[in-house]
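Every value quoted in this text rests on a predicted model; they were computed, and no experiment measured them. One is the number of the first residue; the rest follow in order along the sequence.
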Amino acid sequence: LVKGYHLPPVSFTAEEATALFVGGEMVKRYTDASMKAPADSALLKIRSVLPRERQDELDRLAQVTEFSGDHRVPLGLNKRTLLPIKQALVGRRVLNLTYRAKDREEDTARDVEPLGLVFYGDTWYLIAWCRLRQDIRHFRIDRIQDLKVSGERFAPHEDFSLKKHLEQGNASQERTDVRLWFHKRALERARKESYSDLAEAKETNSGSEVRMQVFSLDWAARWILSFGPDAEALEPPELRAEVRTLAEDLAKRHGD
């Protein structure tokens, strides 16, 4: 900096400080151990530049804020994977992976060029050009057995857009129209958890019939069962049969 130049003091409004606090807590909750320490350090630095009254507000906010309910950190606390992947993404460095694909017992060695990182369905995915398969692949982070950031840099994929890639992937997946019934006390939860819009078809005395599109009848059947008596699969018949089979297996497991 030119001598005599001074940066203005950092100042956060109460709303900005609150947003940063909540964001930091979400980072610690939904990422792995490699991101926890940087998040703690960043929050500490933010607190250090806040005026005393703002620090007191954050203390009170921390006391009255809880992130409860079912959540899953895909990697477990003993793995440190997300931060190295982010560093490789920024530096355009090749990643050397040991990866275990679904339904396979053996691991494969993969050299990949990281292109993006996505979180959906409670799971982190690495989007990368796989040199072994010579194509773009999605790698579930929790199936990466070992990872190393190599010193090799790769040329940018100028024609790749992560947003367009995900949009094309969603558009190409085959979907099935289903009709479901939800009790009125479960309808709000269904709206929050469904990954497609619920179109209400007909109201009943105790709930509503809705229509939606799903990528997997197996997923839909398990989701419906999670509501217990507050949900029912109406159509198609294949979905009703899937729910019935799962329920029968569950009953047998809990029988005498």
State, to 0.1 Å, how close [X] and [Y] come at their nearest heavy-atom pair, and which atoms those are.
| X | Y | result |
| --- | --- | --- |
| W223 | A190 | CZ2-O, 3.7 Å |
| A221 | L239 | N-CD1, 3.8 Å |
| L82 | S34 | N-OG, 3.6 Å |

side-chain contact (heavy atoms from CB on, under 4.5 Å) assessment of L117 paired with I141: CA-CA 10 Å; L117 196 58; I141 301 299; 4.2 Å; yes

Gap separating the CD1 atom of I136 from the SG atom of C130, nearest 0.5 angstrom: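 SG of C130 is found 11.0 Å from CD1 of I136.
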
Atom pair CZ (F21) and CG (L58), whose distance is rounded to the nearest 0.5 Å: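 If I round to the nearest 0.5 Å, the distance is 7.0 Å.
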
When you check the gap from the basic side-chain N to the acidic O, do [X] and [Y] get nearer than 4.0 Å?
| X | Y | value |
| --- | --- | --- |
| D249 | R253 | no |
| D56 | R54 | no |
| R185 | D230 | yes |
| E232 | R240 | yes |
| E152 | R131 | yes |

Q145 and D107: side chain donor to acceptor below 3.5 Å: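 No, D107 and Q145 have no side-chain donor paired with an acceptor closer than 3.5 Å.
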
Hydrophobic cluster identity match, M26 and F119, side-chain contacts under 4.5 Å: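 Result: yes, single cluster for both.
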
Geometric class of the H138/H165 ring pair [parallel <30°, tilted 30-60°, perpendicular >60°]: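 Tilted: the ring planes of H165 and H138 meet at 30° to 60°.
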
Ring-face cation of R189 near F227 (centre distance under 6.0 Å, axis angle within 45°):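 Yes, R189 and F227 form such a contact.
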
Side-chain touch V94/V112, heavy atoms, less than 4.5 angstrom: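 No, too far: nothing below the 4.5 Å cut-off.
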
With F139, the ring-ring contact (aromatic ring centres under 6.0 Å, His included) member among W129, Y99, Y125, W124: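 Checked W129, Y99, Y125, W124 against F139; only one passes ring-ring contact (aromatic ring centres under 6.0 Å, His included): Y99.
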
